[in-house]
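Take a look at the structure below.
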Amino acid sequence: MAWRQLFLISCLSAVVLLSILREGTAVSVGTRRLAGQEVQEGVEEKIFMQESDALNFLKKRAEKRLKLQADELWREHHEEQRNEFENFVEEQNDEHAERSREAIEQWRQWHNDGLYPSYLYNRHHI
């Protein structure tokens, strides 16, 4: 029963509020009434535009949106390609560094004479 009363009171308050603010539509568009005079036709023409102008505006806007979307897809594609190439180059450099490290380590083991540091050029020849 309480919810019915609450609903009835809210509906009545909405009706009263709308009846008091009947001129709210003129305020929402931004037009003014001067000393009881109605709004001139020139103001209404400035507010509203022709249907063809509106369609042209919307078409241009849609074209811009499509161009921006295509540019974004192009950027994403090239960014992905660049990232893949950078990963490939990084793997190649890592593999090359690993191979050269292994080769140096093998060379040092082969030429080790038990002295520290174990370099070929530090040997003492008699």
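This structure is a prediction, so every number in the text was calculated from the model and none was measured. Here, residue 1 is the first one in the sequence, and each next residue gets the next number.
More than 12 heavy atoms of other shown residues, nucleotides or ligands fall within 6.0 angstrom of atom CD in E95. Atom CZ of R4 has 12 or fewer neighbouring heavy atoms from other residues, nucleotides or ligands inside a 6.0 Å radius. Counted within 6.0 Å of CD on E51, heavy atoms from surrounding residues, nucleotides or ligands total 12 or fewer; the atom is thus considered open.
In the hydrophobic clustering of this structure, L17 groups with I20; members are Ile, Leu, Val, Met, Phe, Trp, Tyr whose side-chain heavy atoms approach within less than 4.5 Å, directly or through other members.
Taking E76 as the reference, nothing meets the side-chain hydrogen bond (donor to acceptor under 3.5 Å, both in side chains) condition, with sequence neighbours excluded. Partners of E86 under the side chain to side chain contact (heavy atoms under 4.5 Å, CB included) rule, at least two apart in sequence or in another chain, are R82, N83. Under the side-chain hydrogen bond (donor to acceptor under 3.5 Å, both in side chains) criterion, H78 pairs with W74, sequence neighbours left out. Scanning for side chain to side chain contact (heavy atoms under 4.5 Å, CB included) contacts around E102 gives E98, with sequence neighbours left out. In this view, V89 and F85, N93 satisfy the side chain to side chain contact (heavy atoms under 4.5 Å, CB included) rule, not counting sequence neighbours.
Atom CZ of R101 is separated from atom CD of Q106 by 10.0 Å, given to the nearest 0.5 angstrom. Within the model, atoms CD of Q92 and CG of N87 stand 12.0 Å from one another, a figure rounded to the nearest 0.5 Å.
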Return a table of donor-acceptor pairs under 3.5 angstrom between the side chains of residues 54-71 and protein atoms on other chains or two or more places apart.
residue, atom, partner, partner atom, Å
N56, ND2, S52, O, 3.3

